[in-house]
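Some notes on the structure that comes next.
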Amino acid sequence: MARRARRYWLMKSEPGVYSIRNLQRDGSTTWEGVRNYQARNFMRDDMAVGDLVLFYHSNADPPGVAGVARIARAAYPDPTQFNRRSRYHDPGSKKDEPRWSMVDLAFVERFEEVVPLEALRNDDELSGMLVTRRGQRLSVQPVDRGHFARVLRMGGARTRVR
DNA sequence: GCCAACGTTGGC
DNA sequence: GCCAACGTTGGC
């Protein structure tokens with residue numbers, strides 16, 4: 001049985017809300033609250049267990065890639081969409097036809113230092129990488145294998161692409 | 001805190 | 001289907 005090739009991703013989190021250190025502490029986490037259709041589609045349709053993720057700190061100083069995570073559970077319905085108390089509640093979503101999906105992430109490693117967005121932008125090998133584009137707000141993005149490997153090197157990571 | 005960029009909503 | 005109004009994201 002041929003296995004699907006591992007895919008590579010970037011996922012944004014505000015460190016004031018949930019940082020790479022939080023993920024390191026917790027070991028794994030649920031990724032609820034994504035309410036953008038493009039981001040949902042990537043999670044629901046394209047992510048699989050074992051895919052690697054660049055863990056990106058947004059609204060941070062500096063913004064940038066803080067470490068690496070791994071998809072620990074493939075997409076399943078985000079329960080917060082049905083919770084009236086939740087800030088992620090979606091009254092338009094039906095139980096038998098959930099609108100929003102989520103995945104679980106597991107900690108892989110934390111970079112010694114964040115690789116700043118500016119460094120990504122200044123790196124020739126990373127030209128075209130989505131996150132370096134001005135106005136790019138998507139919180140879940142696919143990353144080219146070569147770009148992923150390059151960011152790992154910039155972060156001094158032990159993790160390798162394969 | 002500002003504001004550009006962008007997604008969503010809803011009137012028409 | 002258009003598009004103005006509005007809300008959010010996220011760099012700076």
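First the proteins, then the strands, lettered A, B, ... as listed; each starts at 1.
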A:Met11 atom CE is separated from C:dG10 atom P, nearest whole Å, by 12 Å
Donor-acceptor check, side chain of A:Arg160 to backbone of A:Ala157, threshold 3.5 angstrom: yes or no? yes
Against the side chain of A:Arg121, the closest entry in C:dG10, C:dT8, C:dC12 is C:dC12
Parallel under 30°, tilted from 30 to 60°, perpendicular over 60°: which one fits the rings of A:Trp31 and A:Tyr18? perpendicular
Here the distance between atom C1' of C:dG11 and atom CD of A:Glu14, to the nearest Å, is 12 Å
Here the distance between atom P of C:dG10 and atom CZ of A:Arg133, to the nearest Å, is 16 Å
Give a yes/no answer on whether the side chain of A:Lys12 brings an N or O atom under 4.0 Å of OP1 or OP2 in C:dT9. no
Whole-Å distance, A:Asp61 CG to B:dG1 P, equals 16 Å
When rounded to whole Å, the CD to P distance for the pair A:Glu118 and C:dG11 reads 13 Å
Are A:Tyr37 and A:Trp100 close enough that their ring centers fall under 6.0 Å?
-> yes
Here the distance between atom C1' of C:dT9 and atom CG of A:Leu117, to the nearest Å, is 14 Å
Can you tell me if A:Tyr56 touches the phosphate of C:dG11, counting only side-chain N or O atoms and a distance under 4.0 Å to OP1 or OP2?
yes
Atom CD of A:Gln38 and atom P of B:dC6 are separated, to the nearest Å, by 12 Å
Per nearest nucleotide of DNA chain B, the residue lying toward the 5' end, A:Gln136 or A:Asn59, is A:Asn59
Among the nucleotides C:dG11, B:dC6, B:dT8, whichever has the atom closest to the side chain of A:Pro63 is C:dG11
Rounded to whole Å, the CG-C1' distance (A:Asn36 to C:dG7) equals 14 Å
Check: Do side-chain atoms of A:Asp51 reach the backbone of A:Tyr8 as a donor and acceptor pair under 3.5 angstrom?
Finding: no
